[in-house]
Novice: 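Have a look at this one.
First the proteins, then the strands, lettered A, B, ... as listed; each starts at 1. Since the structure is predicted, the reported quantities are computational estimates derived from the model, not experimental observations.
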Amino acid sequence: METTWFCLVAMMIVMYVIFDGFDLGAGVIHCWVARTEFERRMVLKSIGPVWDGNEVWLLAAGGTLYFAFPALYASGFSGFYLPVMIVLWLLMARGISIEFRNHVEGPVWKPIWDTLFSVSSTLLAVFFGAALGNVVRGVSLDASGYFFEPLWTDFRLGKETGILDWYTVLVGLFALFTLTTHGAFWVALKTDKELQERSRTMACIAWWGVAALTVAVTLVTSRVQPHIPARLKEEPWGLIFPLLALVGLMAMRWYLHKREDLMGFLSSCLFILGMLTSTVFGIYPYVLPARTDPAFGLTLHNAAAPPYGLKVGLIWWSIGMILVIAYFVYIYRHFAGKVQLEEENGY
Amino acid sequence: MDSALALHRFHFAFTVTFHYIFPQLTMGLALLIVILKSTSLGTGNQLYNRSARFWGRIFAINFALGVVTGIPMEFQFGTNWSSFSKAAGGVIGQTLAMEGVFSFFLESTFLGLFLFGETRLGPKAHWFSAFMVWAGSWLSGYLIIATDAWMQHPTGYQLGPNKEILLSSFWGLLLNPWVGWQYLHNMIGAVITASFVMAAIGSFYLLNGKHLEYAQTFLRVSVPVALVSSVLMIFPTGDGQGKNIARHQPVTLAAMEGLFYSQEGAPLAILGQPDMSKNRLDNPLEIPRMLSFLTYRHWAAEVRGLDAFPREDWPDNVPLLYYSYHIMAGLGTIFIAAMLAACWKLWKGHLYTSRGMLWLLMALGPFPYIANTAGWMTAELGRQPWLIYGLMRTQHGASSHVSAGNTLFTLIGFMGMYALLSVLFLFLFSKEIDQGPESAVQAAH
Ligand code: HDD
Ligand code: HEM
Ligand code: HEM
């Protein structure tokens, strides 16, 4: 039961990264690829009707984590207090910049929101990566299952770690490049003419960053968290996950070459799926490893809620997910195809 | 009370109070938009549809702020109330997760369709998307109220061998007897906000001699809704809430009413300032025996005062609780009186020309926000000193690993952020009002 929920929460997080990932990525490249007012509206319109729904994956994953693994939710969010709050502020800034940009005309109003949109999306990508890095690296949990991390200490992986150290920053950059590519594929898919061309070029460039960092991060991670290679040795079938990522990575290059945006986007999804599932597989059964004493680490067993709640949860959760899939299929089909600016602009 | 705890409390109270400014309009307006769209569909009168479009624009601005201020709420249970979350997450995490899975996805999907899809969808499907936005926001309200109700009156749980709180009945949690009145009262409060705002804007246009057709439509729809909801607010829902409190939180009732000593035939205090050192109300203005009657439907019934309870069980800010409650109930009474008069004039056909009444309706616009906020302060301060009534004290629930300094840092951050958001909101809101309904119609074509 706990393992089921572990997989389900992991799945929701993967969904979040894939879906909100592309609108984050679109934000990262917004100011770079979209030069004219028309193009910027195109980029925004390509995510306008869906970004909020995408972000709900984060909320739903947070809520699900809360009831399935209350001890992890309590320890993780209070321990990562500062970065969580900063992420929340960035999410707010980003949300209003998407929603409010088109409400006023003129040369002062719009650049503010365009810049804010790009900056907050970029920082969010880095912070989400760094958060993942923190989980993989482990934190200084004490015997009561709590910890508190300052934003940084000395940037080394010493006794007292901070949120940012060379490792987590590296993972943060990795996330930035990954989501940039992901978002660039999306924008290329939804737009045409120069905007599409520039997005493709952007994806081409960022891909090299992704490829280089994939190698670097993989090598470093096996040193930083020896549990992961040990797991793979124990259960070699898990190699399938990194393999998926590798296939995704290669396929992205191939489809960039063939100029097939949809397939490129899907390959990027596959890559993200592969990387995240590899991580999840690698740290299992931990949900938050400890750098102090491995025994203090939170595992899915000592962090899970009691069985009754997990059981009823499974029922409503499954019903809910069927509905969610229906909404997503419907709305993505409704807004399928290239963005058209001439028709109604919404309210 | 140590300062870290005080800061955690203020942090939560500040952010949730600010958040709730927006959902109350969202939830009420969603209903009014459905009414407008249904009328248009039923009568074929396009004026109603165009009005719905105008309010849709306001809705969108308001919704965006509700979303961005709501996201921090979801995570603050973990960041600021980690001991509480660890202990109770298995229970209230259920309703919070359901809110995400069932209502936020629904709302965001159909809002996307509602705002961006009118031409493609056609009138029926567009009506349906408005309906679903309403359903989603009211479902969201239910689940969050169920969460709060569980803290007010925990049900559906068992205590484990180490006193841990274990969910034992899913339906016990969802159908908590506390939820019924609280939900209805709260949702009707949201309808009050929306209908008062709509009436205020309608009056504003009429007083300015602008957009007359729209303004009359707004008033025609909102004034009757405002009257009905104001009445329902006091009876039966407010009354029902009061009965729940009398039964399950008698000490809270005593504090709310400023009743220091138990007595038979207790009076209802209308005015008066609680003096906590002398244990009395200064310059009280009271209706004799009324409190006994309201609580027990019996003029001579005994109502227990604060003296009947040990001091450590008293809500820790009695005066603020007392004022919050009196502000809410006082405004509730004023709302009914004002809306009765307005409805009468509407019925007689001279509301649109009676400038005095229009001025009043316009001035009343902001007050439901005050009443709703005061109501929540009543509920939340009245719950003190408990975090989960009878189970966990507030002081045991906060994140003990997060220092006061760090909490203050993020509190200041939120204050700055929210000050900016307020300015933005007011700016965009007044801009929308200033441009008027006609421009909303153009933009949608
Ligand atoms: C427009 C707003 C508004 C108005 C006019 C009233 N209320 Fe209210 N009240 C609320 C808005 C509100 C609220 C914000 O919606 C609360 C907070 C928690 C809740 O469920 O509803 C609330 C809570 C609340 C509580 C506390 C419940 C708890 O502790 O859980 C009581 C006892 C009442 N109300 C009673 C009344 C009475 C007797 C009123 C009439 C005179 C009244 N309210 C008018
Ligand atoms: C419906 C969901 C809500 C939940 C689950 C909830 C939960 C909480 C929690 C956990 C606290 C901190 C602990 C405490 O001080 O007891 C709190 C305090 C508070 N909340 Fe709520 N709240 C909700 C809604 C609201 C709303 C909508 C408002 C106001 C508009 C509000 C006003 C307050 C206030 C004023 C406090 C501070 C009380 C004090 O510290 O003395 N709450 N609430
Ligand atoms: C402390 C408790 C609360 C939490 C954790 C919370 C959480 C949230 C979150 C995360 C969102 C954003 C949803 C999205 O992205 O679409 C949101 C919006 C919303 N919340 Fe809250 N909220 C709280 C209090 C309340 C209360 C008391 C109500 C009213 C009953 C309420 C009703 C709504 C509604 C209707 C929305 C839709 C968006 C909007 O109103 O603008 N929330 N809330």
Side-chain angles (χ1 to χ4, degrees), chain A residues 48-50 52-53 55-56 58-71 73-79 81-82 84-85 88-89 91-93 95-96 99-100 103-104 145-148 305-306 308-309 312-313 316-317 320-321 323-324 327-328 330-331 334-335 343-347, chain B residues 53 56-57 60-61 64-65 67-69 71-72 74-75 77-80 82-83 85-86 88-91 93-94 96-102 104-106 108-109 111-113 115-120 160 166-168 170 399-402 406 410 413 417 421 424 428 431 440 443-445:
Chain A
V50 292
D52 182 33
E55 206 161 283
V56 172
L58 179 68
L59 300 171
T64 307
L65 189 69
Y66 191 12
F67 95 85
F69 300 101
Y73 176 91
S75 166
F77 285 105
S78 64
Y81 187 82
L82 295 168
V84 170
M85 293 294 180
L88 292 173
W89 295 338
L91 284 173
M92 289 162 79
I96 53 171
E99 290 295 325
F100 290 169
H103 277 277
V104 180
Y146 285 105
F147 67 99
F148 185 85
Y308 172 78
V312 289
W316 62 251
W317 190 89
M321 275 304 130
L323 291 173
V324 172
Y327 306 149
F328 267 66
Y330 183 75
I331 196 157
H334 187 87
F335 292 107
E343 56 167 294
E344 57 179 331
N345 291 320
Y347 288 37
Chain B
R53 238 177 250 155
R57 281 177 75 95
I61 298 173
L65 280 153
V67 170
V68 297
T69 56
I71 294 166
E74 188 85 30
F75 296 99
F77 292 106
T79 49
N80 298 74
S82 63
S83 308
S85 290
K86 192 171 178 176
V91 182
Q94 293 265 351
L96 285 173
M98 285 173 76
E99 188 185 18
V101 170
F102 285 104
F104 290 156
F105 277 119
L106 186 108
S108 58
T109 308
L111 187 66
L113 290 171
L115 295 180
F116 292 88
E118 183 165 358
T119 25
R120 268 203 235 178
L166 308 173
L167 179 68
S168 67
F170 177 68
S399 299
S400 49
H401 282 64
V402 178
N406 279 311
T410 58
M417 192 94 186
L421 288 186
L424 264 175
L428 289 174
K431 185 162 180 299
H445 280 299

Novice: Which answer fits B:M98, side chain, backbone, both or neither, if we ask what part of it has an atom under 4.5 Å from a heavy atom of chain A?
Specialist: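 When you check distances to chain A, atoms from both the backbone and side chain of B:M98 fall under 4.5 Å.
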
Novice: Are A:F77 and B:F77, when compared by the centres of their aromatic rings, separated by less than 6.0 Å?
Specialist: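 Centroid separation for A:F77 and B:F77: 6.0 Å or greater.
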
Novice: B:S85 and A:Y66: which non-hydrogen atoms are nearest, and at how many Å?
Specialist: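 Distance-wise, the nearest heavy atoms are OG-OH, 3.2 Å.
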
Novice: Please determine, among B:A88, B:G413, B:G100, the option with the most heavy-atom pairs under 4.5 Å with chain A.
Specialist: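 Counting heavy-atom pairs under 4.5 Å, the top option is B:G413.
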
Novice: A side-chain contact here means heavy atoms from C-beta on lying under 4.5 Å apart; do A:M92 and B:L421 qualify?
Specialist: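 They are in contact (side-chain heavy atoms under 4.5 Å apart), so the answer is yes.
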
Novice: If you compare all heavy atoms of B:V101 against all heavy atoms of A:G320, which two are closest, and at what distance to 0.1 Å?
Specialist: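 Here B:V101 and A:G320 meet closest at CG1-CA, 3.6 Å.
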
Novice: When you compare the side chain of A:E55 with that of B:V68, does any pair of heavy atoms fall below 4.5 Å?
Specialist: no

Novice: Work out which heavy atom in A:G63 is nearest to a heavy atom in B:E74; give both atom names and the distance.
Specialist: CA-OE2, 3.7 Å

Novice: Taking A:Y327, A:F100, A:Y330, A:W316 one by one, which has the highest count of heavy-atom pairs under 4.5 Å against chain B?
Specialist: A:W316

Novice: Taking A:G95, A:G145, A:A71, A:A305 one by one, which has the highest count of heavy-atom pairs under 4.5 Å against chain B?
Specialist: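 The residue among A:G95, A:G145, A:A71, A:A305 with the greatest pair count is A:A71.
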
Novice: So, for B:M417 and A:A93, which heavy atoms are closest and what is the spacing to 0.1 Å?
Specialist: CE-N, 3.9 Å

Novice: Is B:S400 close to chain A through its backbone or its side chain, or both, or neither, when contacts mean heavy atoms under 4.5 Å?
Specialist: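 No part of it gets close to chain A.
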
Novice: Apply side chain to side chain donor-acceptor pair (under 3.5 Å) to the pair B:S399 and A:Y81, showing each step before the final yes or no.
Specialist: CA-CA 10 Å; B:S399 299; A:Y81 187 82; over 6 Å; no

Novice: Of the backbone (N, CA, C, O) and the side chain (C-beta and beyond), which part of A:F69 lies under 4.5 Å from a heavy atom of chain B, both, or neither?
Specialist: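 No part of A:F69 comes within 4.5 Å of chain B.
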
Novice: Are B:F75 and A:L58 packed together at the side-chain level, in the sense that at least one heavy-atom pair is separated by less than 4.5 angstrom?
Specialist: yes

Novice: Write down the atom of A:F67, the atom of B:A97, and the distance for their closest heavy-atom approach.
Specialist: CD2-CB, 3.7 Å

Novice: Using non-hydrogen atoms only, which part of A:I96 is less than 4.5 Å away from chain B: side chain, backbone, both, or neither?
Specialist: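 For A:I96, backbone and side chain are both near chain B.
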
Novice: Can you check whether A:V104's main-chain N or O pairs, donor with acceptor, with B:K431's side chain at less than 3.5 Å?
Specialist: no

Novice: Where does A:Y308 contact chain B at under 4.5 Å (heavy atoms): side chain, backbone, both or neither?
Specialist: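 For A:Y308, side-chain heavy atoms alone lie under 4.5 Å from chain B.
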
Novice: Between A:L323 and B:F102, is any pair of side-chain heavy atoms under 4.5 Å apart?
Specialist: yes

Novice: With a 4.5 angstrom heavy-atom cut-off, could you sort out which part of B:L424 is near chain A: side chain, backbone, both or neither?
Specialist: side chain

Novice: Would you mind checking which part of B:L106 comes under 4.5 Å of any heavy atom in chain A, side chain (CB onward), backbone (N, CA, C, O), both or neither?
Specialist: both

Novice: Go through it in stages, so that I can follow the logic: the residues are A:V312 and B:Q94, the test is side chain to side chain contact (heavy atoms under 4.5 Å, CB included), and I'd like the CA-CA distance, side-chain angles, deciding distance and then a yes or no.
Specialist: CA-CA 9 Å; A:V312 289; B:Q94 293 265 351; 3.9 Å; yes

Novice: Dump the intermediate steps for side chain to side chain contact (heavy atoms under 4.5 Å, CB included) on A:H334 and B:T109, then the final yes or no.
Specialist: CA-CA 11 Å; A:H334 187 87; B:T109 308; over 6 Å; no

Novice: Taking all non-hydrogen atoms of both residues, which atom of B:I71 and which atom of A:L88 are closest, and how far apart?
Specialist: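 So the two residues come closest at CG2-CD2, 3.8 Å.
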
Novice: Going by heavy atoms in the side chains, are A:W89 and B:T410 under 4.5 Å from each other?
Specialist: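 A side-chain contact exists here, since the closest heavy-atom pair is under 4.5 Å.
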
Novice: Select one option (side chain, backbone, both, neither) describing which atoms of A:A74 are under 4.5 Å from chain B's heavy atoms.
Specialist: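 Both the backbone and the side chain of A:A74 come within 4.5 Å of chain B.
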
